[in-house]
Undergrad: 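Just passing along the structure, written as structure tokens.
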There are 2 protein chains.
Amino acid sequence: MSVTRTLAKFLVTHKAVNVPQAVRHEGARALLNWVGCAIGASQHATIKRTLAALNEFSGPREATILGRRERVDIFQAALLNGASSHTFDFDDTHIKTVIHPSAPVLPAILALAEHQPVSGRDFLHAFLLGVETECRIGAAIMPNHYNAGWHNTATLGVFGAAAAAGRLLKLNEQQMVWALGIAGSHACGVRETFGSMAKPLHPGIAARNGLTAALMAKKNVVGPEQAIEGRRSFARVASTKFDPAAIAEGLGKTWAMAENSYKPYACGVVIHPAINGCVQLRNEHKLKLADIARIDLKVHPLVIELCSRRDPKSGLEGKFSIFHSCAAAILLNEAGEAAYSDAIVRNPAVVRVRDNTHATAQAGIAEDQVRITMTLRDGRVLEKYVEHCVGSVDNPMSDTDLEAKLRAQCKGILPAVRVEKLIALCWGVGRLKGVAEIARVAAPRS
Amino acid sequence: MSVTRTLAKFLVTHKAVNVPQAVRHEGARALLNWVGCAIGASQHATIKRTLAALNEFSGPREATILGRRERVDIFQAALLNGASSHTFDFDDTHIKTVIHPSAPVLPAILALAEHQPVSGRDFLHAFLLGVETECRIGAAIMPNHYNAGWHNTATLGVFGAAAAAGRLLKLNEQQMVWALGIAGSHACGVRETFGSMAKPLHPGIAARNGLTAALMAKKNVVGPEQAIEGRRSFARVASTKFDPAAIAEGLGKTWAMAENSYKPYACGVVIHPAINGCVQLRNEHKLKLADIARIDLKVHPLVIELCSRRDPKSGLEGKFSIFHSCAAAILLNEAGEAAYSDAIVRNPAVVRVRDNTHATAQAGIAEDQVRITMTLRDGRVLEKYVEHCVGSVDNPMSDTDLEAKLRAQCKGILPAVRVEKLIALCWGVGRLKGVAEIARVAAPRS
């Protein structure tokens with residue numbers, strides 16, 4: 001059987017009851033993390049401007065833009081929620097493929113769940129199947145595909161979105177083959193966009209297009225038969241590597257979701273260990289910025305290459321400064337998006353500590369490690385070695401960490417009582433009668 | 001200046017008055033040809049099923065699906081009209097790049113012209129600028145891009161649609177740069193789809209996405225600066241060849257539209273000379289199928305390779321049979337879509353002549369040539385040499401030919417009086433006060 005058909009058959013026949021409990025729980029964690037990211041960036045100019053461009057053309061306003069009052073049609077909701085959840089580069093990562101798996105898949109099926117009744121059990125199952133689809137096709141063509149210049153979260157996300165939406169639309173096997181084929185005609189997104197608003201739009205575009213592909217297949221719009229492995233398929237055309245075994249082998253036995261990871265801080269992942277260690281020292285010793293004379297960091301060489309901006313002028317530049325990140329995290333006890341406002345970057349206390357923070361690359365320090373020496377004004381010298389940064393595969397964010405991350409992202413957007421309700425809904429997603437309730441609660445007022 | 005910015009500046013500053021009259025007339029010919037193709041396939045299952053999938057999600061029903069009564073939002077109209085105009089592979093071709101230039105551009109701006117007032121002069125100008133954009137980027141990366149497996153009408157069409165729509169939206173230079181960048185994030189479509197409904201959907205997807213990109217840029221959604229020439233741009237990522245001079249040189253001096261061509265027959269272009277010659281013999285000698293004993297064709301070798309199906313069982317297979325095509329054209333005095341119905345393929349008179357038609361490859365016969373020997377039942381032997389087939393670059397379809405093609409495509413869909421009105425509107429497009437009238441007249445009832 002062709003790889004496409006093997007995958008399609010799996011997608012339409014797999015039973016929710018056969019998903020291991022740990023994978024289901026990881027799905028709920030990913031959902032909670034994604035909802036927070038979408039709400040957190042919902043007031044960003046990328047979302048406001050895209051909404052301004054499209055709003056007057058909206059169809060039936062059935063769907064929620066997370067964190068916002070406006071309602072739009074399901075395609076626009078998929079686009080906007082996909083975009084907002086990726087705007088701060090704060091969403092989840094499937095380490096093996098470097099795909100951000102939730103951002104293209106969840107907005108597609110959440111929008112669909114506002115159009116037709118979808119139970120939490122089916123929703124979670126469809127989500128896991130969508131993630132499996134994008135990550136398996138990704139594994140078949142990575143890293144060549146990304147190295148060539150493609151933005152894999154966009155190009156592969158559309159297959160995940162089509163698979164997940166197609167499952168909820170109860171496509172038959174042939175229709176699922178077509179849905180994957182039509183998705184392949186929508187696979188797009190290049191890395192030239194990085195640094196512009198078009199980049200976060202990518203998973204939104206993938207979500208909207210994947211949803212469209214599934215709806216078309218449901219009405220028997222005929223797509224190609226060998227969407228994935230065919231000689232002129234997207235996967236073959238857009239990568240110099242193609243390993244079909246990565247797609248077909250072990251379906252239903254291993255789950256990509258089990259390898260998912262979450263960012264505790266809203267900046268490049270290589271500076272996470274330093275932030276993690278500084279926050280620990282801050283809390284263990286009840287430190288304020290004013291207490292600190294100097295910070296010395298022994299880091300992985302990539303930190304120096306990517307994130308050693310000495311004198312950031314804006315919040316965005318601050319994301320590429322390990323010096324700013326440590327100082328801001330000590331001030332705020334976190335390094336969420338708030339640590340990267342222009343105001344924090346200009347804060348004199350932050351600037352003073354930033355100017356007295358120094359980093360040197362050291363052999364033997366891994367990417368998820370750091371060695372910190374902090375000298376206080378009172379003469380004390382504190383040491384901290386972070387062996388595995390929080391958020392790394394070996395030290396995942398706890399459920400409590402994820403809740404705290406979501407709470408920080410919702411601040412000023414959703415009332416606290418609604419935030420707690422949202423957290424409870426995400427943890428209990430598998431038991432929800434109708435998933436639309438999550439969307440309803442995730443907007444400022446219903 | 002970067003290639004992207006050079007092109008953007010040209011697109012926003014070029015004046016309609018500086019387009020040569022011959023190019024404007026060619027634009028009107030392309031419009032007329034495109035409108036006919038869109039109407040001709042408007043009842044096809046590809047359109048019906050896609051509409052069935054999307055209709056309930058339509059926004060404001062401002063826009064026309066050519067040839068149909070339903071109205072939809074401008075994005076769906078762009079998608080559906082782009083798809084219908086490419087469904088029968090009967091639309092125009094820019095020979096140098098093998099792009100079908102009208103199908104991605106015209107539906108985008110025609111939909112826009114139903115949303116906001118657009119004069120015929122501005123419409124025609126925007127159309128020409130859009131075609132220039134897609135064909136110039138195409139020239140920079142062809143043939144490697146197509147050979148790799150990309151469907152260039154889709155991938156490059158989105159740039160053309162964005163440019164044309166952006167011009168009508170009066171984007172400034174920076175916004176046009178962004179529009180091209182956002183278009184680059186939407187560039188998609190692979191050749192694996194050929195033979196499925198997803199293939200004709202491609203220019204529709206490009207039209208919808210290009211229109212979306214332009215609307216976003218108008219609201220200052222920020223795209224990349226070097227959308228075309230950047231290291232990770234679509235053009236660089238999706239082709240092993242990149243010749244920036246093909247984009248920037250001679251802007252406003254040469255026009256891609258001047259190299260446009262139109263298909264007289266609804267089948268593979270290599271069998272057009274034989275059809276052309278048979279139709280000429282038919283009319284010169286007032287022949288019926290019953291008069292013919294045998295036809296011998298001396299053809300270019302590609303005919304044998306691509307279109308020598310001996311015993312076609314369906315209309316679609318008939319398109320790949322030079323034998324069927326000649327017989328059907330003698331019966332019908334044309335080889336439009338009607339010549340490729342299942343019924344005509346089964347017609348006993350057609351089958352008899354088809355079975356007595358023979359083709360041999362001959363050196364010295366060019367792709368647009370044929371040498372025909374027709375033996376009649378009364379013993380006469382007729383000869384015909386076609387030096388340049390109608391529709392070829394050296395023997396373009398006349399304005400009258402294009403009118404006849406449109407009339408045939410509209411048969412059974414639009415009343416004759418409306419068809420004549422539509423033809424007059426297309427020829428006079430440059431003087432139209434509001435282009436929306438073309439769309440209005442191109443639907444069965446307004």
Side-chain angles (χ1 to χ4, degrees), chain A residues 45-46 48-54 56-60 73-75 115 148-151 154-155 158 178 181-182 184-199 201-202 205 209 212 215-227 230-234 236-238, chain B residues 45-46 48-50 52-54 56-60 62 73-75 115 148-151 154-155 158 178 181-182 184-199 201-202 205 209 212 215-227 230-234 236-238:
Chain A
T46 302
K48 285 184 183 164
R49 294 180 192 182
T50 303
L51 178 59
L54 301 180
E56 68 178 304
F57 305 107
S58 176
D73 67 45
I74 64 171
F75 299 124
H115 171 68
W150 297 102
H151 183 201
T155 54
V158 67
W178 291 339
I182 299 168
S185 277
H186 285 87
C188 57
V190 286
R191 284 166 48 203
E192 187 66 25
T193 53
F194 284 19
S196 82
M197 291 181 177
K199 195 252 194 179
L201 279 174
H202 282 178
I205 293 168
N209 289 344
T212 304
L215 286 164
M216 285 184 181
K218 182 69 181 176
K219 297 293 182 185
N220 296 313
V221 174
V222 175
E225 288 294 313
Q226 303 200 310
R231 187 161 153 258
R232 297 307 186 194
S233 72
F234 178 79
R236 299 292 279 264
V237 169
Chain B
T46 301
K48 285 184 183 164
R49 294 180 193 182
T50 302
L54 302 180
E56 68 178 305
F57 305 107
S58 177
E62 303 174 287
D73 68 44
I74 64 171
F75 299 124
H115 172 68
W150 298 102
H151 184 201
T155 55
V158 67
W178 292 339
I182 300 169
S185 277
H186 285 86
C188 58
V190 286
R191 283 167 46 203
E192 187 66 24
T193 53
F194 285 19
S196 81
M197 291 180 177
K199 194 252 193 179
L201 279 173
H202 282 178
I205 293 168
N209 289 345
T212 305
L215 287 163
M216 286 184 181
K218 182 71 182 174
K219 297 293 182 185
N220 297 314
V221 174
V222 175
E225 287 295 314
Q226 303 199 309
R231 188 164 151 258
R232 297 306 187 194
S233 71
F234 178 79
R236 300 293 280 263
V237 168

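In what follows, every chain begins at residue 1, and chains take the letters A, B, ... in the order their sequences are listed.
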Undergrad: In terms of heavy-atom pairs under 4.5 Å with chain B, which of A:T155, A:I205, A:L201, A:D73 leads?
TA: A:I205
Undergrad: Taking every heavy-atom pair that is under 4.5 Å apart, which of A:R231, A:M216, A:H186 has the most such pairs with chain B?
TA: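 Looking at each option in turn, the highest pair count goes to A:H186.
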Undergrad: Partners of B:E62 by salt bridge (Lys or Arg N to Asp or Glu O under 4.0 Å), sequence neighbours excluded?
TA: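 For B:E62 there are no salt bridge (Lys or Arg N to Asp or Glu O under 4.0 Å) partners, ignoring immediate neighbours.
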Undergrad: A:F194 versus chain B, heavy atoms under 4.5 Å apart: side chain, backbone, both or neither?
TA: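 Neither part; nothing is under 4.5 Å.
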Undergrad: By side chain to side chain donor-acceptor pair (under 3.5 Å), which residues pair with B:T46, not counting sequence neighbours?
TA: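 Testing B:T46 for side chain to side chain donor-acceptor pair (under 3.5 Å), a comparison that skips the adjacent residues, returns B:H44.
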Undergrad: Using a cut-off of under 4.5 Å on heavy-atom pairs, state which of B:G230, B:C188, B:A154, B:A217 scores highest against chain A.
TA: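 Ranked by contacts with chain A, first place is B:C188.
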Undergrad: Given a strict heavy-atom distance threshold of 4.5 Å, which part of A:I74 is in contact with chain B: side chain, backbone, both, or neither?
TA: side chain
Undergrad: Among B:F234, B:W150, B:F75, which residue forms the greatest number of heavy-atom pairs with chain A at distances under 4.5 Å?
TA: B:W150
Undergrad: Does any heavy atom of chain B fall under 4.5 Å from the side chain of A:E225, the backbone, both, or neither of them?
TA: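 Answer is neither: A:E225 stays 4.5 Å or more from chain B.
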Undergrad: Pick whichever of B:A238, B:G181, B:P224 has the most heavy-atom pairs under 4.5 Å with chain A.
TA: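 If we count pairs closer than 4.5 Å to chain A, B:P224 comes out on top.
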Undergrad: At a 4.5 Å cut-off on heavy atoms, which part of A:H115 comes close to chain B: side chain, backbone, both, or neither?
TA: side chain
Undergrad: Which of the residues A:H151, A:K219, A:R236 is involved in the greatest number of heavy-atom pairs with chain B at under 4.5 angstrom?
TA: A:K219
Undergrad: Return the CZ to CZ distance between A:R232 and B:R191, rounded to the nearest 0.5 Å.
TA: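 Interatomic distance, A:R232 CZ to B:R191 CZ, rounded to 0.5 Å: 4.5 Å.
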Undergrad: If you tally heavy-atom pairs under 4.5 Å against chain A, which of B:S233, B:A187, B:G189 wins?
TA: B:S233
Undergrad: Can you tell me how far OG of A:S185 sits from CE of B:M197, rounded to the nearest 0.5 angstrom?
TA: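 Going from CE on B:M197 over to OG on A:S185, the span is 13.5 Å.
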